[in-house]
Structures are given as structure tokens and as C-alpha cells.
Amino acid sequence: MFRKQSTNCRSVTILKIVNQIPRGKIATYGGIAKVCGLINQARIVGYVLNRLPTGTDVPWYRVINTKGKISFEKNTTEYKQQKKLLEKEGIVFKDGRVDRCRYDWLRSEKFT
DNA sequence: AATTTGACCAGTA
DNA sequence: CTACTGGCCAAAT
């Protein structure tokens, strides 16, 4: 069942945004935070994603850090899992980094 | 109650 | 490019 995720309204907003990330696109922790009106609070985003239940419908794997990389260590299972899911959606990794054009959807649309 | 930790970031040097 | 700093704040200890 659902563990109590957070009674906090911020996490609800964050999850809402993450759910809106288009397939094959990428968002950054800071970008999500900004859209939620939370400047310099990217850690909250990471924290919320961290405690998502396994098998959630939330596309957590489409969220990466500002360097364009996955925020897990390279040899971890989590890293491989996320990379696999992203590649499945057509994301191309170059030297452990995601192609820039993949995470510009926050900039261009209504969130500018 | 106080301190530490963490899937982070922007600025500066 | 890398390295370090200060900031932010919910959970865990």
C-alpha cells in the first residue's frame, strides 16, 4: 500500500510536476523546484523522490541533476536501473551525460 | 531538542 | 574544466 508520503503540500506539487514530464524528456531537480516556486530548494525534490515507493507511476527516473548526469554512483544498481529506463525512452548518454536537448522542456514552454 | 544526512544548486575562484 | 562555499529544509539519529 501507500506509505504516508508526505503531508506536506510541496511534495504534492513536486510529484505533480514530475508526472508531467513528457516521455523521452528530462528535468532537473532545480528546474522542478523552480516551477514549484521553490528557489534553491532542489534538495527537497531529491528527498521526495527518494522516498517514493517501488513500482510507483511517477517517472522519477526522468529527473537528473543540473550537470546532466544521474545522481547515483556509476556502479550502483540504482544508476543502472535509471540509465536503462531512460535509454528505453530514447535518451542518449554521452560520457555519462544526457544530451542537452532532452531537458529543455522546462525552459521553452509555459515555465519560462 | 539538537545535530547530521542527503537522488541538490548557483556562485565564486 | 575542477574545487570549494553557503544555502535550503525534511527525515533520521
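Side chains are part of it too, since the values below use all heavy atoms of this structure and drop only hydrogens, waters and symmetry mates. Residue numbering restarts at 1 for every chain, and letters A, B, ... go by the order of the sequence lines.
Transitive grouping of hydrophobic side chains (ILVMFWY, heavy atoms separated by less than 4.5 Å) brings A:L85 and A:L52 into a common cluster.
Straight-line distance from the CZ atom of A:R51 to the P atom of C:dA10: 12 Å, rounded to whole Å. At whole-Å resolution of the value, CD1 in A:I64 and C1' in B:dC8 are 13 Å apart. When the C1' atom of C:dT2 is taken as reference, atom NZ of A:K69 falls 11 Å away, rounded to whole Å. Between A:I14 atom CD1 and C:dC9 atom P the separation is 12 Å, expressed in whole Å. We find that CZ of A:F72 is positioned 13 Å from P of B:dG6, with the value rounded to whole Å. As a whole-Å value, the separation of A:E73 CD from B:dA7 P is 10 Å. One atom, CD of A:Q81, and another, P of B:dA7, lie 16 Å apart when rounded to the nearest Å. In this structure, A:L86 places its CG atom 13 Å from C1' of B:dA7, rounding to the nearest Å.
With a 4.5 Å cut-off on side-chain heavy atoms, A:I91 and A:F93 count as touching. Proximity of A:F72 to A:K80: side-chain heavy atoms (C-beta onward) are nowhere separated by under 4.5 Å.
Summary of the strand contacts: A:K67 and A:R43 both lie near DNA chain B, and taking for each the nucleotide with the nearest heavy atom, the more 5' one is attributed to A:R43. Mapping A:N40 and A:R97 onto DNA chain C by nearest heavy atom places A:R97 closer to the 5' end of the strand.
Here the side chain of A:Y47 is nearest to one of C:dA11, B:dA10, C:dC9, namely C:dA11. Among the nucleotides C:dC8, B:dC8, C:dA10, the one closest to the side chain of A:I44 is C:dA10. Nearest nucleotide to the A:T28 side chain, out of B:dC9, C:dA10, B:dA7: B:dC9. With distances taken from any side-chain atom of A:N65 to the nucleotides B:dC9, C:dA10, B:dA7, the minimum falls on B:dC9. Listed candidates were B:dC8, B:dA10, C:dA11. Nearest to the side chain of A:K34 is B:dA10.
For A:T66, no side-chain nitrogen or oxygen approaches OP1 or OP2 of B:dC8 to under 4.0 Å.
When the P atom is compared between C:dG7 and B:dA7, the two are found 22 Å apart, to the nearest whole Å.
Between A:R62 and A:E89 a salt bridge is recorded (basic side-chain N to carboxylate O distance below 4.0 Å).
Here the CZ-OG distance, from A:R51 to A:S11, works out to 7.5 Å after rounding to the nearest 0.5 Å.
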